[in-house]
Number of protein chains: 2
Amino acid sequence: MDDQAIPLDAETKAVEMPEDHREELRLWLRLLTCSTLIEGEVRRRLRERFDVTLPRFDLMAQLDKAHDGMTLSDLSKRMMVSNGNLTGLVDRLVASGHVVRTVSPTDRRAMVISMTEEGRTEFRTMAGEHEHWIADLFGDLNAKDRTDLMRLLAKTKLSARRAIKGDDQ
Amino acid sequence: MDDQAIPLDAETKAVEMPEDHREELRLWLRLLTCSTLIEGEVRRRLRERFDVTLPRFDLMAQLDKAHDGMTLSDLSKRMMVSNGNLTGLVDRLVASGHVVRTVSPTDRRAMVISMTEEGRTEFRTMAGEHEHWIADLFGDLNAKDRTDLMRLLAKTKLSARRAIKGDDQ
DNA sequence: GCTTATTGTTTTAAGCTTAAAATAATTTCC
DNA sequence: GGAAATTATTTTAAGCTTAAAACAATAAGC
């Protein structure tokens, strides 16, 4: 009866009442929606305009930054995908002539993946347009919005990493 | 030679120089990283803890909100995935006893998907833990951070929708 | 009522993704 | 130098995802 009348301090409340985390849930759903929405559109345009998939574009984006190629493991870490996934992805990019596989001169287990000349040229064209798409998709955010969002996402990333790191050791 | 010495006003600059959109690009990559990081962890925990996949969890989350079931098309719109995708997803959830298919009484083309009693019970357990995971993952954000991020993501979502709507009509 | 267009779903083919197991080469440690 | 552990990659099996085509039922326009 008196539940609502008795004021509780934050500590007591945290211990005695089941906490309400709906706000965080809504935040997560909104973050996911934004991400899904933009990613889907980028996928659609990459296919429509260049007949390329997002994973292939992402892989080439990594290779474009590294001048002397990268090993599968490096790519795997950077792209946050499994090694097995990359095997097939690289197969298809080799078949289409965008990248080549070479055995590492220093480690015979490792494969070094590098872009071909044509792959690089084609990627740069795609990347140029891609940058404009992103600018357009984020076009209604002003300079302050962008700075604030950047900072908050950085904080979110750290928070998530902290939660992930801590959960099994 | 004098390029750097001549000051240009914003308008002139915008027209004559290739614009630099690296900031928006970094913003997008950071948004995507956050989303991927959290989503990956949620997937991992759902599998580990309940042996369920994220798409199945998401589908059940939609059904849990709608008391009298939903048609495939409704689910497709809400979940932002293709119809064909849902066919297989529902197949598997029917096989595991979480949901049932019934033909719509008003439209013989439409299938109404609804949760079974056991499916609902199991989902609520999962949803309860899931909410805590999210609260933990976002745990380092204070109340103001959350409000600000919520607002900025809403703005981003609108901006993206505007850009998507406008691009082919 | 009949034709046409629309809507709802499934099928198909291709590609993406993962975890787990298998394979191969290197490094570490006696 | 040889056994054991680690590291790099591939294979496998299962599931997710999409676009496009096929199919089925309903709605709209005459």
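Proteins get letters first, then strands, A, B, ... in listed order; numbering begins at 1 in each.
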(message) Can you confirm whether A:R78 sits close enough to A:M70 that some side-chain heavy atom of one is under 4.5 Å from a side-chain heavy atom of the other?
(response) yes
(message) With clusters defined by side-chain heavy atoms of hydrophobic residues (ILVMFWY) lying less than 4.5 Å apart, directly or transitively, does B:V100 cluster with B:L86?
(response) no
(request) Specify the residues of residues 46-53 of chain A, ordered by number, for which at least one heavy atom lies under 4.0 angstrom from an atom of DNA chain C. (result) A:T53
(request) Just jot down the side-chain contact (heavy atoms from CB on, under 4.5 Å) partners of B:V42, sequence neighbours excluded, or say none. (result) B:I38, B:L46, B:L54, B:H130, B:I134, B:L137
(request) Mind checking salt bridge (Lys or Arg N to Asp or Glu O under 4.0 Å) for B:E48 and listing every partner two or more places apart, or none if nothing turns up? (result) B:R44
(message) Taking any atom closer than 4.0 angstrom to a non-hydrogen atom of chain A, what span of DNA chain C does the protein reach, first nucleotide to last?
(response) C:dG15 to C:dT26
(request) List for me each residue that meets salt bridge (Lys or Arg N to Asp or Glu O under 4.0 Å) alongside A:E39, sequence neighbours excluded, and say none if there are none. (result) A:R43
(message) With a 4.5 Å cut-off on side-chain heavy-atom distances among I, L, V, M, F, W and Y, is there a chain of contacts connecting A:L37 to A:L27?
(response) yes
(request) Give me the residues of residues 84-99 of chain A where at least one heavy atom lies under 4.0 Å from an atom of DNA chain D, by number, or none. (result) A:G84, A:T87
(message) I need the residues from residues 101-116 of chain A with at least one non-hydrogen atom less than 4.0 Å from DNA chain C; give them sorted by number, or say none.
(response) A:D107, A:R108, A:R109
(message) Can you pull out every ring-ring contact (aromatic ring centres under 6.0 Å, His included) where at least one residue sits in residues 90-128 of chain A? Sequence neighbours excluded, please.
(response) A:F57-A:F123
(message) Would you say CG of B:D68 has more than 12 non-hydrogen atoms from neighbouring residues, nucleotides or ligands within 6.0 angstrom?
(response) no
(request) Measure the CG-CG distance between B:L89 and B:D58 for me, rounded to the nearest 0.5 Å. (result) 9.0 Å
(message) Tell me whether B:M115 shares a hydrophobic cluster with B:V90, the cluster being built from Ile, Leu, Val, Met, Phe, Trp, Tyr side chains joined at under 4.5 Å.
(response) yes
(message) Side chains of A:T71 and A:S73: any donor to acceptor distance under 3.5 Å?
(response) no
Just distance, no hydrogens or angles: give the donor-acceptor pairs under 3.5 Å from side chains in residues 149-157 of chain A, sequence neighbours left out.
{"from": "A:K155", "atom 1": "NZ", "to": "B:D145", "atom 2": "OD2", "distance (Å)": "2.6"}
{"from": "A:T156", "atom 1": "OG1", "to": "A:L152", "atom 2": "O", "distance (Å)": "2.8"}

(message) Just to be sure I understand the geometry, which residues of residues 71-83 of chain A put a non-hydrogen atom under 4.0 Å away from DNA chain C?
(response) A:M80, A:V81, A:S82
(request) Could you list the residues that satisfy salt bridge (Lys or Arg N to Asp or Glu O under 4.0 Å) with A:R124, not counting sequence neighbours? (result) A:D64
(request) Examine B:L141 and B:W133 and state if one hydrophobic cluster contains both, with Ile, Leu, Val, Met, Phe, Trp and Tyr joined whenever side-chain heavy atoms are less than 4.5 Å apart. (result) yes
(request) Please list all pairs passing the ring-ring contact (aromatic ring centres under 6.0 Å, His included) test where one or both residues lie in residues 32-51 of chain B, with sequence neighbours left out. (result) none
